[in-house]
J.: 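Supplied in structure tokens, the structure appears directly below.
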Amino acid sequence: MSLFSAVSLTAGYGRQPVVKDLSFEVEAGCMLGLLGANGSGKTTLLKAVCGILPHKGKCFLEYNSQESIILEELAPRKLSGLCSYIPQRSGISIDISVLDVVLMGFNPQLGILEYPSAKMKKAAREALQMAGLAGKEEENYQHLSEGQKQLVILARTLAADGMLLLLDEPESALDFRYRYQMLELLKEWIGKGRRAGIAALHDPLLALNYCDKLLLLAKGEVRAVLTPGEDPLDKMEKELSEIYGAVSLQRCRDRSGCERLVMLKEAEK
Amino acid sequence: MKHSTALPTMRIKAFCAAGTVLLIVLAAVSLFTGKYPLSLEGLLSGDPMQLRVFFTLRISRTVVGILGGFALGTAGFVYQTVFRNPLASPDVIGVSSGASAGAAAGILFLSGAAAVTLSAFAGALAAVCLALALSSLDRSGKNSTIVLAGIAVHSLAQTALMCLKLTADPERELASIEYWIMGSLNGISSYSISGNLLLCLICLIALFLLHRQILLLSAEEGEARMLGVSVGRMRLAVLLTSTLTVACVVSLSGLISFVGLLAPHGARLLTKRNTAGTMLLGGILGAVLLTGADILARSVAATELPVSIFTSLLGAPFLIYLIIKGRQKA
């Protein structure tokens, strides 16, 4: 049974729809990757699911085996308690401590006039530690590098403990090592409990290796749905070449024997 | 590592404490400054004239200086945070020009200081409500829409003010309109202020209770929404509340320049953070600035001078000093 399903989503800016009549599902414990060229509607899709963009169509969240929730019918407060969103770039532009940024994630659980409890502060510190930022709690968020900022926002998302994670290029500013660390962390976290993730990833290699399913978007429509762990290479190669130009795929093993997918750019004919 | 983690909160507390001490000293000086000489012995021995001046004039003037400055500083902090713009101040959405037009109408058509205050308050409120109503016409609810609507209302109010000035009798009415606009705490007595101060105080308490939401509003709109903030409604509530505090003050005092812009910047440059403590410090700095300026306005020349002269005169060098100091450290 799928934890999240979107039914015929249409969304856009002004009258021109960017995303047209999209339907897809995500199973519990799974991460769905969104791949597509620039302007194919990845961010628009995520924003529509969040309810930030007005849209047609419906999103269903299977709250538990009895209860299914329609996200569009929820008040922002309730919605934000269930779904966490990592924007491409956080808009926080004031001088504020790293810990305070993470504590913002608890806002949906707090009354308007309430303050974060000691327990929440502890959870926030733990989330920072998980993201590899232990000891930076009191530093000025603005003085961090873009990559570190993304890790802080990741910690905020983990602390908020939503069911559905919506990630818009959460790793775009991270260097090689931290990209993998972040994806490991996200995958592990989604695997625990009743959770699912939808991620537009900057790097297709990460998407191929960490997402359970891939939704290939072109001009706001679903081109193909791939399951990187199962699908034959030639099928995936064909579909990915439609987006990225000629590419080839190979399965390799790393030193520990773990199978990885590698994508190489081929010369255009 | 340890000392650096404790530093920001300690700094904020230290600055707030120092600011409060300075404010108490200034308040004491303010109570004993003015045309009618007061002395501690005179008050203690129960001189009736001295007691009357002290209770009806000096206390209310000092209280308005402190609370007014505090309100301007706090509201400035809220505006700059919500609009994510260091130049934002309550004037942006037309509260000051609305108050001026209201006061001018009051001076022309009504009589008595209380009526002018009321009329100024009504003008301020009308301007702000008009600006927010105009901005709500645009469904996307962007910050920039509010600013644009505010600018439109501001120029409308300026036009109304100009028309009122044209019809004013140049000898008497025009002079008092001009004097009102320049701003002064002169003529404030305990009879006219209680309603304004009470409302101002209630709004200030509400703002401090909402400080977490105010900081959340500084995030991008979609992000704030996904952090559980009903952005449109919360922003409206916060802006309306902070503008009310300013309306309460300017309808009593006339326009006071610079405090709302400068005090929160001072607080941020000193603490290098944005927390409830910074907001408090912004308020305290505003109170210090206005009380200090008012003392000078009463004592420098034989006649009372507009208080805005001194808020700018004290404030500008302080801001420049902070900027230079910040540069050297960075």
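What you see is a predicted model, and the numbers here were worked out from it, not measured in a lab.
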J.: Checking B:R225 against chain A: side chain, backbone, both or neither under 4.5 Å from a heavy atom?
T.: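 For B:R225, backbone and side chain are both near chain A.
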J.: Would you please go through residues 92-105 of chain A and name the residues with a non-hydrogen atom below 4.5 Å from one of chain B, in numerical order?
T.: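 Residues A:I92, A:S93, A:I94, A:D95, A:I96, A:S97, A:D100, A:M104, A:G105 are the ones that qualify, each having a heavy atom under 4.5 Å from chain B.
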J.: So what's closer than 4.5 Å to chain B heavy atoms on A:I153: side chain, backbone, both or neither?
T.: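 For A:I153, side-chain heavy atoms alone lie under 4.5 Å from chain B.
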J.: So, are B:E223 and A:R156 salt-bridged, with charged N and O less than 4.0 Å apart?
T.: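 Yes.
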J.: Can you measure from CG (B:L209) to CD (A:E114) and round to the nearest 0.5 angstrom?
T.: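 Taking CG in B:L209 and CD in A:E114, the distance rounds to 12.5 Å.
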J.: Should the heavy atoms of other residues, nucleotides or ligands under 6.0 Å from NZ of A:K20 be counted, would the total exceed 12?
T.: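 Yes, enclosed.
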J.: Give the minimum heavy-atom separation between B:F208 and A:Y115, together with the two atoms involved.
T.: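 Between these two residues, the closest heavy atoms are O-OH, 4.4 Å.
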J.: If you count heavy-atom pairs under 4.5 Å between each of A:A160, A:G51, A:S84, A:G162 and chain B, which one has the most?
T.: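 Winner by heavy-atom pair count: A:G51.
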J.: If we define contacts as heavy-atom pairs under 4.5 Å, which of B:T278, B:N274, B:L215 has the most with chain A?
T.: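 Looking at each option in turn, the highest pair count goes to B:N274.
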J.: Counting neighbours of NZ on A:K187 that are heavy atoms of other residues, nucleotides or ligands and sit closer than 6.0 Å, is the number greater than 12?
T.: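 Count over threshold, so yes.
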J.: Report, in residue-number order, which members of residues 69-78 of chain A are under 4.5 Å from chain B by heavy-atom distance.
T.: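 The list, in residue order, reads A:P76, A:R77.
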J.: Checking the side chain of A:S80 only, and the main-chain atoms of B:L227 only, is there a donor and an acceptor separated by less than 3.5 Å?
T.: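 Between the backbone of B:L227 and the side chain of A:S80 there is no qualifying donor-acceptor contact (under 3.5 Å).
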J.: B:M226 vs A:C83, test: side-chain contact (heavy atoms from CB on, under 4.5 Å). Steps then yes/no.
T.: CA-CA 8 Å; B:M226 288 312 285; A:C83 307; 3.9 Å; yes
J.: Quick check on B:T275 against chain A: is it the side chain, the backbone, both or neither that has a heavy atom closer than 4.5 Å?
T.: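 Answer is side chain: those atoms of B:T275 sit under 4.5 Å from chain A.
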J.: Mind ranking B:E220, B:R212, B:R268 by heavy-atom pairs under 4.5 Å with chain A and telling me who comes out on top?
T.: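 Answer, by heavy-atom pair count under 4.5 Å with chain A: B:R212.
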J.: Under 6.0 Å from the CD atom of A:Q129, do we count more than 12 heavy atoms belonging to anything else shown?
T.: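 Atom CD in A:Q129 is not crowded, with 12 or fewer foreign heavy atoms closer than 6.0 Å.
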J.: Can you see which heavy atom on A:E139 is nearest to which on B:R273, and at what distance?
T.: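 Shortest heavy-atom contact: C-NH2, 3.5 Å.
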J.: Report, as yes or no, whether the 6.0 Å neighbourhood of atom OH on A:Y141 holds more than 12 heavy atoms from other residues, nucleotides or ligands.
T.: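 Yes, the 6.0 Å shell around OH holds more than 12 heavy atoms from other groups.
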J.: Rounded to the nearest 0.5 Å, what separates atom CD in B:Q213 from atom CD1 in A:I112?
T.: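 The CD atom of B:Q213 sits 5.5 Å away from the CD1 atom of A:I112.
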